[in-house]
Amino acid sequence: MKKLHHIGLLIALVCLATGVARAQSFQVQCPTFTITHPTAANNNSEPTYVGPTYTGTTGFPVTPAHVNGAIKCQQISGGDGFATMGDGTQTYLFAFGPLSGLADMSKGLPGTQFPVVFNTVAPPLVPGDPATSDGASQSPYSFGNPSVFTYNGAVGLAPDLDAIAAGTCTGPCLDGHVDPRPIMDVGVMNGNMPAPLMAIDEDDEFFLTLTNVGQVMRPDLFEQHTVHFHGYPNASAFYDGVPDASVAINIGGSFTYYYLAPDAGTYFWHCHITPPEHLQMGMVGQLYVRPRQNRATGALYASLQQQQLDLRTKCDSPSTDILCSNPLPAVNTGATGGGKYAYNDGDGTTRYDVEYPLQIHGFDPNFHFVGMTFNPEGFTDMKDKYFLLNGRSYPDTVHDGPLATQSTDGALHYSQPMSSIINIPVGGRALLRIADLDVTEYQTLASLGIPMQVIGLNAKLLRDQSGNNLYYNTNSITLAGGESLDVILDASDTTKYPSGSVFYLYTPNLDHLSNDAENFGGLMTEVRIN
């Protein structure tokens with residue numbers, strides 16, 4: 001009878017686990033309009049910035065004078081996968097993967113989309129899309145060729161056929177209802193390193209859906225996942241991703257985070273469940289916010305003064321606002337608006353022609369191997385041996401295009417989609433958005449030939465309260481895990497930097513120029529003038 005009691009208890013626990021799993025559900029959320037962006041037709045492009053939306057303290061006005069920004073959406077999976085290191089070793093990951101913007105991310109671009117793109121019924125997709133080779137019975141989008149694959153909408157998004165049949169809505173009836181099959185097909189074993197790139201503009205509303213598809217290689221784990229935007233100015237703890245004050249997403253469930261974008265800069269994000277483990281295993285990615293100044297008209301200084309009318313960004317400097325993150329410039333240079341800028345500088349000094357996010361990270365191969373098995377992980381002995389730029393170590397850093405790894409599901413996956421090559425047009429300026437998400441090491445990057453001008457630290461413009469720029473030139477920068485820097489490489493002098501020139505961005509820490517036991521690897525890539 002005692003044995004029967006134990007068997008009965010086991011059956012009860014299995015039934016309970018099944019019930020909990022069924023209680024979860026997949027969904028996505030990408031509204032076409034909101035209170036702050038009330039006209040759906042205007043939310044699929046970035047409008048010119050002509051004045052602030054918020055001018056008072058009593059909340060959002062019913063009829064705002066100006067509606068700025070747009071609505072942006074993205075869907076990601078939480079699960080596992082594999083990535084290939086510079087010496088050919090396949091490394092196991094706990095990882096986030098793309099469930100929207102697949103075509104853009106296979107080209108190394110952000111996966112963030114406007115509603116008109118995100119809210120598109122998904123075509124037939126198969127495991128590994130868009131990396132999977134095509135076959136007669138597979139998806140018409142599956143060519144293994146990023147230039148042919150075009151789908152950027154939400155994977156699994158489908159009409160709610162029951163609602164259409166009941167007459168409660170008309171086709172296509174896209175209300176967040178999804179088909180879980182393509183989500184599992186595409187999301188399982190599809191972890192990316194780094195995690196999917198996100199990019200939004202100031203004044204945007206950002207809806208980010210995280211779907212937990214589980215970890216195939218570790219079926220014994222019931223890992224929850226969250227998204228924590230590290231250092232991001234978010235007023236709501238509910239969407240901060242710290243499970244103590246927020247929510248965590250179980251296997252088989254989805255959750256949509258909401259963010260308002262008030263401050264330009266380079267940020268990053270990660271899972272906040274057992275952070276030392278999940279960060280080391282690969283659950284880290286980048287986010288950057290473009291400034292209003294890109295959309296401003298007229299003189300930059302005059303346009304920037306519009307921030308003084310918006311109480312979210314108002315700076316009472318120099319004497320009364322010590323927390324001001326973006327003081328007006330001390331000198332009005334008369335620069336005109338439009339173009340590409342890292343911050344709302346007001347004087348045009350953060351202008352750039354091309355931008356490159358560079359995520360620094362490191363892997364301990366033993367920790368990852370143990371993480372794939374059923375052994376306890378050695379947190380105290382954690383020691384990185386692979387050193388990565390955008391998930392790649394040299395020589396893979398100079399491979400142009402996505403890197404695919406064949407996983408245990410037998411399909412190719414673009415597990416390392418972001419190239420690390422810096423291509424600067426002749427006479428141009430490049431903005432490097434550098435973030436260090438390493439768990440165990442400080443990291444140093446040096447630039448040979450082109451000085452680095454550091455303009456921002458931890459998503460704050462380097463400027464004092466009197467409006468004086470504190471940018472500085474250097475040939476190397478050092479970051480700890482959890483820090484970001486904005487750096488300009490200025491190649492505008494064509495006599496020094498002619499077409500065809502090649503320079504190097506690398507670490508002077510010689511033990512970080514290696515792929516585990518191999519030399520000539522690690523943190524190194526090329527800067528090309530072309």
Side-chain angles (χ1 to χ4, degrees), residues 19-47 60 62-64 67 69-78 98-104 111-126 129 139-141 149-187 196 198 200 204-213 227 236 238-239 247 249-260:
V20 171
R22 288 178 177 173
Q24 306 300 313
S25 62
F26 292 162
Q27 55 85 35
V28 297
Q29 183 178 359
C30 183
T32 57
F33 65 93
T34 64
I35 294 175
T36 53
H37 291 91
T39 306
N42 298 338
N43 296 326
N44 295 304
S45 62
E46 290 293 336
F60 188 80
V62 176
T63 54
V67 176
I71 294 174
K72 302 280 178 63
C73 302
Q74 195 159 350
Q75 182 183 200
I76 59 174
S77 63
L99 285 176
S100 67
L102 295 183
D104 282 352
T112 317
Q113 306 294 335
F114 291 109
V116 70
V117 177
F118 186 90
N119 293 323
T120 307
V121 176
L125 297 167
V126 297
D129 272 331
S139 160
Y141 286 82
F149 188 94
T150 59
Y151 184 63
N152 278 314
V155 171
L157 190 62
D160 188 342
L161 299 180
D162 292 336
I164 293 176
T168 57
C169 69
T170 58
C173 194
L174 301 178
D175 58 359
H177 179 84
V178 297
D179 180 353
R181 174 60 187 267
I183 287 179
M184 295 301 292
D185 280 346
V186 175
M198 304 172 186
I200 52 181
D204 282 350
E205 290 183 272
F206 184 35
F207 294 83
L208 172 67
T209 297
L210 169 61
T211 296
N212 190 339
V213 299
V227 171
S236 173
F238 186 67
Y239 295 113
V247 295
I249 296 81
N250 291 322
I251 296 173
S254 299
F255 180 77
T256 299
Y257 294 87
Y258 170 81
Y259 304 97
L260 185 64

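Atom set for the values below is all heavy atoms of this structure, side chains included, hydrogens, waters and symmetry mates excluded. Source: prediction; values computed, not measured.
Asp160 contributes no side-chain N or O that, together with a main-chain N or O of Asp175, makes up a donor-acceptor pair within less than 3.5 Å. In this structure a side-chain-to-backbone donor-acceptor pair under 3.5 Å is present from Asp179 to Arg181. Although no hydrogens or angles enter the test, the distance criterion places a donor-acceptor pair under 3.5 Å between the side chain of Asn44 and the main chain of Val116. Side-chain atoms of Asp204 come within 3.5 Å of backbone atoms of Ala70 as a donor-acceptor pair (strictly under, hydrogens ignored). In this structure a side-chain-to-backbone donor-acceptor pair under 3.5 Å is missing from Asn152 to Val117.
Side-chain contact, Thr112 with Gln74: a donor N or O sits under 3.5 Å from an acceptor N or O. With 3.5 Å as the limit, one finds a donor-acceptor pair spanning the side chains of Thr209 and Thr256. Side-chain atoms of Glu205 and Thr36 form a donor-acceptor pair, as typed in the model, at a separation below 3.5 Å.
Nearest approach of Cys173 to Ala163, heavy atoms of both residues: SG-CB, 4.0 Å. Residues Phe26 and Gly253 share a closest heavy-atom pair of CE2-N, 3.8 Å. The minimum heavy-atom distance linking Pro38 with Ile35 is given by the pair CD-O, 3.8 Å. Among all heavy-atom pairs drawn from Pro47 and Gly69, the shortest one is CD-O, 3.3 Å. Taking every heavy atom of both residues into account, Pro182 and Gly156 meet most closely at CG-CA, 3.7 Å. Heavy-atom minimum distance, Val186 versus Pro98: CG1-O, 4.3 Å.
Between Phe255 and Tyr257, the two ring planes are perpendicular [angle over 60°; tilted spans 30° to 60°].
Taken from CG in Asn119 to CG in Leu157, the straight-line distance is 6.0 Å, to the nearest 0.5 Å. To the nearest 0.5 angstrom, Ile71 atom CD1 is 7.0 Å from Cys30 atom SG. Distance CZ/Phe118 to CG/Leu174: 10.5 Å, rounded to 0.5 Å. The distance from the CD atom of Gln113 to the CD atom of Gln75 is 12.0 Å, given to the nearest 0.5 Å. Between atom CZ of residue Phe114 and atom SG of residue Cys73 there is a gap of 10.5 Å, rounded to the nearest 0.5 Å.
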- request: Kindly determine whether Asn42 and Val67 satisfy side chain to side chain contact (heavy atoms under 4.5 Å, CB included), including the steps that lead there.
  value: CA-CA 9 Å; Asn42 298 338; Val67 176; over 6 Å; no
message: Does Tyr259 form a side chain to side chain contact (heavy atoms under 4.5 Å, CB included) with Ile200? I'd like the steps, not just the answer.
response: CA-CA 10 Å; Tyr259 304 97; Ile200 52 181; 5.5 Å; no
task: Report the C-alpha separation of Leu208 and Ile76 in whole Å, then their side-chain angles, then the decisive distance to 0.1 Å, and conclude whether the side chain to side chain contact (heavy atoms under 4.5 Å, CB included) test is met.
output: CA-CA 8 Å; Leu208 172 67; Ile76 59 174; 4.2 Å; yes
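The side-chain heavy atoms of Ile164 and Cys169, taken from C-beta on, include a pair separated by under 4.5 Å. The shortest side-chain heavy-atom distance between Val213 and Ile183 falls under the 4.5 Å cut-off.
Phe149 has its ring centre no less than 6.0 Å from the ring centre of Tyr151.
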